[in-house]
Amino acid sequence: MSDGPRFESIRLDYGCHHGTYRFPEKREPVTIVGANGSGKSTLVEALVRTLFGFNRREPEAREQQDHRRPWKGGSFRALLTLRDAADRITIERDFDTHQVVVGRLPKAEELYGGEANPAAPASADQRRYREVLQRIFGLDELADYVRTACVQQGHMLETALAPDLLAIVAGGHADVETAKSELRERYHEFTLESIGRGERRRRKKGRIEQLDEELEELQGRIARVRRGEAEQRPLQEGAAEAVARIDELRREARRLEADHAALSGFQVLEERAKGIRDRIQRLEEVGADLRQAVERTEAVSRHGAVDRHRYPEDYLERLAGLEEGLWPRLRAAQAARAAQAERPGAAPASPARARALLALAGVIGLVAALLLVLGQGAVRLAGIAVALAAVALLVVGRRGLDVQRRRTEAAAAAVAADSEIQTIEARIAAKLEGLPDPHRILPETLAERRREHAEWRSAGDRVTEATRRLEDSTRRADRELGAREDEVPGTGPIERRDDAVSLEAARALIDELGLALSRERNERLAPTILELKQATVAIGDLPENVPEALREVGERLGENRRELEAAEEELRELQRRLLAVRRPEESSVALLAERGVREVELEAARREAGVYRRAHALLEDAYQEFRATDQDRLVARIEAHLSTLGDGDMGPLVIPDDLGSACLMYRGRPLALASPPLSYGELHIALFAVRLGAADFLAGMGVNLPLLVDDPFVHLDAERAGEMWRVLCRIARDRQVLLTTQDRLVLAHLGVRPDLDLDGPGRESSLQMELPVGRSAPG
Amino acid sequence: MIRLLHIADVHLGAAYSGFGSIADERRREVVAAFRTLPDAARELEVHAVLVCGDLFDGPRPEERIVAAVREVARRLGEVGVPLVAIPGNHDSTALNASLYEDALPGAHVFSEPLFGPPMRLDVGSECGPLFVYGLAYDRSVEPDPLPSFHRADDEGLHVVLLHGAVPDAPHWGEPSSLSLPLEQLAALEADYVALGDYHRFRPPGAFGAADRACYAGSFAAVDIAEDGPRGYAVVELEAGAPVQVRHRSSGVRPVIRLGEVDVGACPDELAVAELLRGLAPQESIPVATLTGEPAFPLDAEKVQVDLEERYGCVRLDDATRFYASSRLFEIAREPTVAGHVAKLGLQRIGEADDPDERVEEERALRAALRSLGVR
């Protein structure tokens, strides 16, 4: 709380005062001493008049002003310097022109410049000046000062306890007003809204309104972004649904695939077991077959060996060829040859003679022809005879030639018959070539040979059959051994042994078959059965018909895949459409983050505004409460001074109605405070107590006026003067007290060294350098 | 060994409105710190710089910021340090498809919403080439892109860049953020998973099974609530060895949380400010909660203004209990306006129904007393 303004110095051209007086900064009363007529009261008056001026409409003031014109002549003015907690204020007044300049040091900042004439209270200048004065001094009315903190001897008897005393600060407790103003300003940093009753809404926006606008603007931007997002939302939701559906289908697919895999595995195991069992069965069968084949082969072998090459394959054909062809032909040739040999032989005719006869016949015939042609008659006849002779010769010659031809032909036929016989015999020999015992092959033994051959063939067939069967069995066994269990029997691609089938090999194969069977049973079938049992346990609820269940799962899996493809296609389509939608220009994330920050700020601003609104209301309400106790406090303060200064004889005050009716209890008797029947000294104390109480009351209201006390010790005895000094000292701790006295003895008795001596050398020392009177700051 | 500089959440161009009057200054400070990245890359001899999203605070940053980033990319290119980047949720390619390409010329930017083939970087290390994978998350295209990751068979070190939230991160479950379940992170067959989005540095040891993942944290505190060290991670990878990560400050003033500071013994705001100055380093942004029962109506704002001269930005939470101090009860007994204020204020505090109202009344009492000059 401020100690209030303090008089620091005053430069005067006022009555007897020409110069500057400095009032030391101290927490005791500043004492100004001087003999009567030294100008003590004038100095106090000058301080007051500098502040408030002279109201020339008031005769007393007009007269006083006229009397206070500088004795040395010149301008009638004063320059007062006030010091407050933060400021040094100068008030320069020209008492003639009422021109006043109020400035703030050190930069001589002008707070007011103009006329300040109390005789023109309605003038704008005067109103403005009073506002400034209220602000810098706490009071703007001279009367209020001289009724309270300005205790001038000449006005002591005017002291009165009246209700309007309370009204001095009715317009505002300075500190409270300042405090409220401060709270209002802080509040309005946050909002333009009215802080309470009687205050208008401000124009300037506060932080809350700014933030509201920023938030609104942000909200608009967010809404724009959201609109963009809203366009996407159905697509996004569709996409999300599609994704969820895809996830669900994938999960179902995984489950179905697992079921399918389990059932499929079970089925595979079953098929494998069946395959193994089939293979075991086949191995057993081929093994049994092979063993039979071996036994049969062994049995055939025990009946002796058969020369598989004794008879050529065409043995019977050859016999048939001999029987039906060669041998009959031989016999016929031999018979023909024999017949030729038995026929009688004729003399062989001479071929030369026959030819001579024929030549002769030819010549005779030629002669006959000549005769016939050339002769006549006999000749002709001779010719005919000759011709006949020629014919006879021709027949004889011809016959001779025929005989000869027949003889030649018979000889040739004999040769041919022999040759044929030889040929047939050669062919018979060739037929018999390579046949067993050919010499025993005769037409008469042919049946016997055929029977021998049939017997041989029958034995051979048995051996062949046994061998073939052994081969077949071996091959089957071989194939079976080389084949996988899942191949169809007999279709194996591998034939390891194409030939050279032997009993030993077959027996070895039987052993191999045994081993293979053992392997199939122990190494494959047993583990497979175990796996089957495990798979059964793993499946848990094994369907009765696994293939059917597997088919159903497969169908559901297929359906699932179709649905999955459709959902994925739908998602791709949605994504294509999403990409085609226009994107927002701002990031909603950043905008939302920014909005979050702003909202936090707004909340904080609202909280702060709330704090100041509450503080303002608290102050207002507390102040109202406080003001309701004004009279009590004023009375309490006066009573405190009465009690102290009255030595227990005075007080309390009794107030039956209002302050104007206050009675002073004096030694138990009520006395009208307005005109108490007291001694001069006691009256002085009583009135002084009222003034000090009123000043204290003002100070309690934040109006810390400098207390000006003009000769307080007058009429007082030494003891009461001492008490008065102590009271003033207590007051001086909180606000400035300027005390004037002419009583050097009292001061000496109190041990007080005057601060300002208006008489002798002290006055000289107190007079500081002459300051120019003007707008310049004092040094 | 391959050394990487892993940076994320730089948020260039952010409003920094939480920093009050120094928001603009901080914006400049962050850009200036980001400009030093090439120097850091050279000094640390890193083989590559990985940017894990939210390089920008929004999809359309100011041109001067884009220009600054271009300059950084150019200088990194000059010193031969490859730069690989993915966008984040603030600067998503869904909002501005060309931002990263424009701002990072010469860098490899993953802009597809699914993992594709890795970027192969022949960094001249005995560990072989570096394979970097990444994606630009776009929920509308692919909400769950992690299953699209397939590690290439090539020899070398494989690093994945992601911008998203793990389960206990603030953005977990938000539509704009890629959700990163820890088991999925752990299942990624990568030698290092460089993460962005979460603003606090989180080394691999803090991920449980996903012990090759790491959040670099924000480059600089984006909000005053982001206290602690901020910067980037320097990662050292070696085949078959655990990932070595150390955090390096970006140099931007950090927010320092001083916790609760008892100012009960301080006679006035100056002393409170002096006490806090003794606790907070010069180049920091202090955040503190004032506690205790000071014997004067503390004005935390006055302390804040005092401290802001030194720190630029300060956040003070006032939890002092002047209303419980004997000094207040003394004042309440005074026959003064302040006494009436104190008495009425105490009454109102006592009558307050909810804690917030009580706090406001308490602060109002202090403000009223201060306005009356009570010290």
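First the proteins, then the strands, lettered A, B, ... as listed; each starts at 1.
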Shortest non-hydrogen separation from B/Pro335 to A/Arg633 and the atoms involved: O-CD, 3.6 Å

Part of A/Arg607 lying under 4.5 Å from any heavy atom of chain B: both

Engaged part of B/Ser17 at the chain A interface, taking heavy atoms whose separation is under 4.5 Å: both

A/Glu182 portion near chain B, given a 4.5 angstrom heavy-atom threshold: side chain

B/Ala364 to A/Ala615 - nearest heavy-atom pair and separation: O-CB, 3.2 Å

Toward chain B, the part of A/Arg598 with a non-hydrogen atom under 4.5 Å: side chain

Side chains of B/Glu361 and A/Val611 in contact at under 4.5 Å (non-hydrogen atoms): no

side-chain contact (heavy atoms from CB on, under 4.5 Å) partner of A/Arg614, the single match among B/Arg363, B/Arg348, B/Glu357: B/Glu357

Neighbour count above 12 (heavy atom, 6.0 Å) for A/Glu216 CD: no

From B/Glu360 atom CD to A/Arg613 atom CZ, the distance as rounded to the nearest 0.5 Å: 7.0 Å

Minimum heavy-atom distance B/Ala367-A/Leu183, with the two atoms named: O-CD2, 3.8 Å

Segment of B/Asp223 engaging chain A (4.5 angstrom heavy-atom cut-off): side chain

Under 4.5 Å from any heavy atom of chain A - which part of B/Glu301: side chain

Max heavy-atom pair count under 4.5 Å with chain A, selected residue of B/Asn89, B/Asp57, B/Asp91: B/Asn89

A/Ser181, part contacting chain B, at a heavy-atom distance under 4.5 Å: neither

For the student: nearest non-hydrogen atoms of B/Gly345 and A/Leu618, plus distance: N-CD1, 3.4 Å

Distance in Å, B/Asp299 CG paired with A/Arg186 CZ, rounded so as to fall on 0.5 Å steps: 6.0 Å

Point-to-point distance, once rounded to the nearest 0.5 Å, from CG of B/Asp144 to CG of A/Asp247: 7.5 Å

Value rounded to 0.5 Å, distance of CZ in A/Phe626 from CG in B/Leu344: 14.0 Å

Closest-packed option against chain B by number of heavy-atom pairs under 4.5 Å, given A/Lys180, A/Arg572, A/Arg576, A/Glu608: A/Glu608

Selection from B/Ala368, B/Ser176, B/Gly339 maximising heavy-atom pairs under 4.5 Å formed with chain A: B/Ala368

Verdict with supporting geometry, B/Val337 and A/Leu619, side chain to side chain contact (heavy atoms under 4.5 Å, CB included): CA-CA 8 Å; B/Val337 178; A/Leu619 187 53; 4.1 Å; yes

